[in-house]
Every structure is written in structure tokens, then in C-alpha cells.
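Residue numbers begin at 1 in each chain, while the letters A, B, ... track the order of the sequences. Quick caveat: nothing in here was measured; it's all calculated off a predicted structure.
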Number of protein chains: 2
Amino acid sequence: MTTAATPRSLEHPTRAEIRLEGVLHALADPVRLQVVRELAAAEDELSCSYFDLPVTKSTTTHHFRVLRESGVIRQTYRGTAKMNGIRRDDLEALFPGLLAGVLAAADAEAARPSGT
Amino acid sequence: MTTAATPRSLEHPTRAEIRLEGVLHALADPVRLQVVRELAAAEDELSCSYFDLPVTKSTTTHHFRVLRESGVIRQTYRGTAKMNGIRRDDLEALFPGLLAGVLAAADAEAARPSGT
DNA sequence: GCCGTACTACGATGGGTATCGTACAAGCGT
DNA sequence: ACGCTTGTACGATACCCATCGTAGTACGGC
């Protein structure tokens, strides 16, 4: 029983609650930007464990939460896995072209020879 | 004399040194985003003292430095004043459309009724 | 030469946050 | 039922950073 019911629901900001500052902040971290890029590349939703990030699992959870709470991604439970998808429609409605611009910029930077 | 010559030069990252992460970080702060928006709206360069920011002068200096060191703006001395201008060409060459996208997003957010 | 304006440098401070480890919870498969 | 996989919660830590105040430097004007 444990508590009768833990529907495992996740809090997401509504479209109106998404703040540009928060989105930019979320995207300003290299780990999170990598997640968003992979998520955007894959049309499907991806589980958290799909990603091979250079941090521990605790930190991974933290980053996914930042992305969710900033409104960049939507998370849903699917069994033991947690699926992640970009909130394209919401972001596009609020900030048209922003996501595409950032993703293009990330691609451009990744293609740069100074990729250390 | 002081030291014979203090050309008052300011260090700017070269175009190749500009990092997307740094740019996004710079733009993720509300004070700095406000500066960039005003700077983009005005075609001319603007002095630091032109801006009416909700922080002290020390903090203002700090924010302008972050913008300069991230490669978003270019600063030049003009007498006692320090003029600021957006590095449009460099940003456009590196991340085409990014600046425009962020500025449009900022405008969109500012136009939102939930502007608290 | 002096003063005022514009900006800077330095130090202090407080809050945010990226990171980790460990211990735990939830669900699936056998 | 048991354990494995997946992800979470909590606490600790260390660093970054936005903010301030005060003192100081640079330059132009009087």
C-alpha cells in the first residue's frame, strides 16, 4: 500500500508560466544543452537512461528537473522509465524560432574546429 | 604620468573564442537582457551611464563586463565614457539568427499580459 | 591645478546550483 | 516473492555569481 496511491505525477509549468529567463538559463548548461540537442534530434521521446552524460545519476535527475521546471521538456512516467520530450509547441508559441535558433547555434558551435 | 601610458584597452574575446554557453549565460540574466535589448533597439552605441538599471554602479560594471567577456558586446572608451555596442556581425556569423531569436522572444515575453 | 563625472577595483556577503554519495521507492520480469 | 533496473530524495560540499559599499583612477572642463 505505502500510501494508497502515488500516481507519480510530475509538475510542469503551464505555457503561460514559462519564462524566457528560465529557458535561457536551462539551455546555458552544457549538459542540459546536450540533452536538448539529442532530444530534438530524436523525434521520439527518450528515457533518462538513454543519455550517456558525464555526470552521476543524481546529477542527471537534477538536470532533467531543471529542464522540466523551466518548461523546456515534458516528462511522463512509462513504467519504471521516465520519458522526456521537448515542448516544441509551447516553446514555439511563446518564443517563435528561439529553439531552432539555439539548436542551430549549438550545431554551428559543435561543427567549429575549436571544439577542444 | 602614472605609468607613461594606459591606453585604456579592453579585452574582448575574438570571434573564434566566443562560446555559445557563455552567450546564453550572459543573456539569461534579466538585467543583462534588458541592456542587450536597449542596445539592439538603439542603432548607435550607448554609454554605460545611459542605462537606468535597478542595480548599483558596481553591479552595472560587473554586468557589462560579463557581456563583453562573453562576446555579446564590444566596449570602447570615448573620453570618460565607455561606449557599448552589440557585436552583431560576429554573433551573426557564429550563430545565425540566434540574437534575433532571443530578442524576438524577449519582446514576446514583454508583451505578455503575465508581465507581473 | 582642481573638481566633478564616469567608471573600476577590491573585498565581503549571501544565495544559487552543479556535483556527489548513499539510501530509498516504484515497477517489471522471472 | 525476489531481485533488477530505473529513477528519486536527502544531505553535504564547493563553487559560481549577483549584489553591495568604499575607495580609487581616468579624463574633461573650469
*For dG7(D), does either OP1 or OP2 sit under 4.0 Å from a side-chain N or O belonging to S49(A)?*
yes
Output yes when a side-chain donor or acceptor of [X] lies under 3.5 Å from a complementary backbone atom of [Y], and no otherwise.
X	Y	answer
E109(A)	L20(B)	yes
R32(A)	A26(A)	yes
T59(B)	V55(B)	no
E17(B)	T14(B)	yes

Can you measure [X] atom [atom1] to [N] atom [atom2] for me and round it to whole angstrom units?
X	N	atom1	atom2	result
Y50(B)	dC7(C)	OH	P	14 Å
E45(B)	dC7(C)	CD	P	13 Å
R68(A)	dG7(D)	CZ	C1'	12 Å
F64(A)	dT6(D)	CZ	C1'	12 Å
K57(A)	dA25(C)	NZ	P	16 Å
L53(A)	dG7(D)	CG	P	11 Å
L33(B)	dA18(D)	CG	P	13 Å
R65(A)	dC10(D)	CZ	P	9 Å

*Quickly, which of I18(A), L99(A), D89(A) forms a side chain to side chain contact (heavy atoms under 4.5 Å, CB included) with L94(A)? Name it, please.*
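It is I18(A); the other options fail the test.
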*asked:* Would you say V66(B) ends up clustered with L98(B) if hydrophobic residues are merged whenever their side chains have heavy atoms under 4.5 Å apart, either directly or through other cluster members?
replied: no
*asked:* Which residue in the set R68(B), E45(B), Q75(B) passes side chain to side chain donor-acceptor pair (under 3.5 Å) when paired with N84(B)?
replied: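 The single option meeting the side chain to side chain donor-acceptor pair (under 3.5 Å) with N84(B) is Q75(B).
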With 3.5 Å as the limit, what N/O pairs link the protein to nucleotides 15-18 of chain C?
{"from": "dA18(C)", "atom 1": "OP2", "to": "R32(A)", "atom 2": "NH1", "distance (Å)": "2.8"}
{"from": "dA18(C)", "atom 1": "OP2", "to": "H62(A)", "atom 2": "NE2", "distance (Å)": "2.8"}

*asked:* Quick check: any donor-acceptor pair below 3.5 Å linking the side-chain of S58(B) to the base of dT19(D)?
replied: no
*If you find the nucleotide of DNA chain C closest to R78(A) and the one closest to T56(A), which residue's nucleotide is nearer the 5' end?*
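By nearest-heavy-atom nucleotide position, the 5'-most residue is T56(A).
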_By nearest heavy atom, map T80(A) and L10(B) onto DNA chain C; which one lands nearer the 5' end?_
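Mapping each residue to its closest nucleotide by heavy atoms, the 5'-most match is L10(B).
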*Scan T61(A) against the nucleic acid and name what it touches under 4.0 Å (heavy atoms): base, sugar-phosphate only, or nothing.*
base
*Base, sugar-phosphate alone, or nothing: which one does T60(B) contact when heavy atoms must sit under 4.0 Å apart?*
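Contact class for T60(B): none.
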